[in-house]
Amino acid sequence: MGRTSDAKERLIEAMSELIWLGSYGSTSVDHICERAEVKKGSFYHFFPSKTELALAVIDEASREVFATLDTIYSPTVPPLERIRNEARWGYQHQKEISEKYGRVLGCPLFSLGAEVGTREESLILKIKEILDKHLRYYESALLDAQHQQLIAITPVAPIARRLLAYAEGMLTQARIHNDLAYIAEIEHGFMAMLDILVRQRA
């Protein structure tokens, strides 16, 4: 089995790479164990099923992302700059990943959610939870921008959803076309959407 002390972590890392590089459906327990160099019995010691391992992967990845977003969306940063800075970080993050794996991978949550559809309710609920939490970063920045009279007073929830939908759409296009240019455009698209609110206030 190799090193037992980090077997669980290696299973999580292997699953993450396999479903991001390929798909959830095409990833079997045998594939995961082979990549992690962990015996099948040990897999089931840590995780009752592939679904439970996928949930652990999502939790681990989201903790890392939200730790970064907590810094990006610090109240000490001007509200609209927070949104711009997330787009810039997202591009750099995807660029590093594409250099590591040899192609653009886009957003694993959107890829996984689109694949499993309604067939894996626990996964869908977890993905919705993560996406809803991401929306709250946009909402907080937009509310602060309104309080500082930087943008027009308008309901922020629909705007936050548009920002996230735009970003996820561009990430998906980048994965399909294997082209970072789509992700590079996200910053411009964000600023164009926010400029409408700035002009409405004026």
Side-chain angles (χ1 to χ4, degrees), residues 5-21 24 32 35-36 46-47 51-101 103-114 122-145 147-148 156-157 159-172 174-175 180 182-184 186-187 189-191 194:
S5 60
D6 64 348
K8 184 176 181 178
E9 290 73 19
R10 284 186 284 131
L11 286 167
I12 291 173
E13 182 179 357
M15 177 67 158
S16 176
E17 291 182 346
L18 286 168
I19 62 175
W20 206 358
L21 288 165
Y24 177 77
I32 299 164
R35 191 177 188 94
F46 293 113
F47 303 103
T51 299
E52 290 301 317
L53 174 54
L55 290 169
V57 167
I58 294 171
D59 280 334
E60 179 67 23
S62 63
R63 274 193 294 270
E64 295 176 4
V65 170
F66 288 137
T68 299
L69 291 180
D70 284 343
T71 300
I72 291 173
Y73 282 84
S74 167
T76 62
V77 179
L80 301 185
E81 280 301 302
R82 300 172 207 168
I83 297 173
R84 182 194 296 271
N85 290 342
E86 182 191 337
R88 291 175 175 174
W89 166 77
Y91 174 79
Q92 285 302 128
H93 181 59
Q94 288 288 328
K95 184 172 182 289
E96 291 169 7
I97 291 168
S98 69
E99 290 170 353
K100 179 179 179 179
Y101 293 108
R103 66 167 293 110
V104 180
L105 297 182
C107 175
L109 279 185
F110 242 60
S111 297
L112 179 58
S122 60
L123 285 178
I124 288 296
L125 288 175
K126 175 59 70 173
I127 291 169
K128 287 180 179 178
E129 174 189 326
I130 301 304
L131 293 177
D132 286 345
K133 185 174 180 179
H134 196 161
L135 280 172
R136 290 196 287 274
Y137 286 94
Y138 293 135
E139 290 173 356
S140 68
L142 292 167
L143 285 172
D144 284 352
H147 291 157
Q148 295 179 27
V156 300
I159 301 166
R161 288 196 294 270
R162 288 174 207 150
L163 290 170
L164 183 59
Y166 173 74
E168 293 292 354
M170 295 301 274
L171 284 164
T172 301
R175 178 181 173 93
L180 284 168
Y182 287 91
I183 302 173
I186 292 175
E187 179 186 347
F190 277 175
M191 293 303 101
L194 295 174

Q. Of all residues at least two apart in sequence or in a different chain, which pass the side-chain contact (heavy atoms from CB on, under 4.5 Å) check with Ala87?
A. Ile186, Glu187, Phe190
Q.
Taking the side chain as everything from C-beta on, heavy atoms only, tell me whether Tyr182 gets closer than 4.5 Å to Arg175.
A. no
Q.
Quick check: do Glu9 and Phe46 have side-chain heavy atoms less than 4.5 Å from each other?
A. no
Q. Side chain of Ser16, backbone of Ile12: donor and acceptor closer than 3.5 Å?
A. no
Q. Listed by chain and number, what are the side-chain contact (heavy atoms from CB on, under 4.5 Å) partners of Ser74, not counting sequence neighbours?
A. Thr76, Val77
Q | Spacing of CD1 belonging to Ile159 relative to CZ belonging to Arg161, to within rounding of 0.5 Å | A | 10.0 Å
Return a table of donor-acceptor pairs under 3.5 angstrom between the side chains of residues 54-67 and protein atoms on other chains or two or more places apart.
from  : atom 1 : to     : atom 2 : distance (Å)
Asp59 : OD1    : Lys126 : NZ     : 3.0
Glu60 : OE1    : Arg63  : NH2    : 2.8
Ser62 : OG     : Ile58  : O      : 3.0
Ser62 : OG     : Asp59  : O      : 2.9

Q) Is the side chain of Trp20 donor-acceptor paired with the backbone N or O of Leu105 at a distance under 3.5 Å, no angle test? A) yes
Q: Can you sort out the partners of Ala114 under side-chain contact (heavy atoms from CB on, under 4.5 Å), two or more places apart, ordered by chain and number?
A: none
Q | The single option from Arg82, Arg136, Glu86 passing side-chain hydrogen bond (donor to acceptor under 3.5 Å, both in side chains) against Tyr73 | A | Glu86
(Q) Are the side chains of Phe110 and Leu171 in contact, using a 4.5 Å heavy-atom criterion? (A) no
Q | salt bridge (Lys or Arg N to Asp or Glu O under 4.0 Å) partners of Arg35, counting only residues at least two apart | A | Glu17
Q) Hey, what do you get for CD1 (Ile124) to CG (Leu112), rounding to the nearest 0.5 Å? A) 7.0 Å
Q | Gap between atom NE2 of His134 and atom CD1 of Ile130 - 0.5 Å precision | A | 11.0 Å
Q: Test side-chain contact (heavy atoms from CB on, under 4.5 Å) on Leu131 and Glu168 and set out the steps.
A: CA-CA 10 Å; Leu131 293 177; Glu168 293 292 354; 4.1 Å; yes
Q | Which residues share a side-chain hydrogen bond (donor to acceptor under 3.5 Å, both in side chains) with Thr51, sequence neighbours left out | A | Tyr24, Glu120
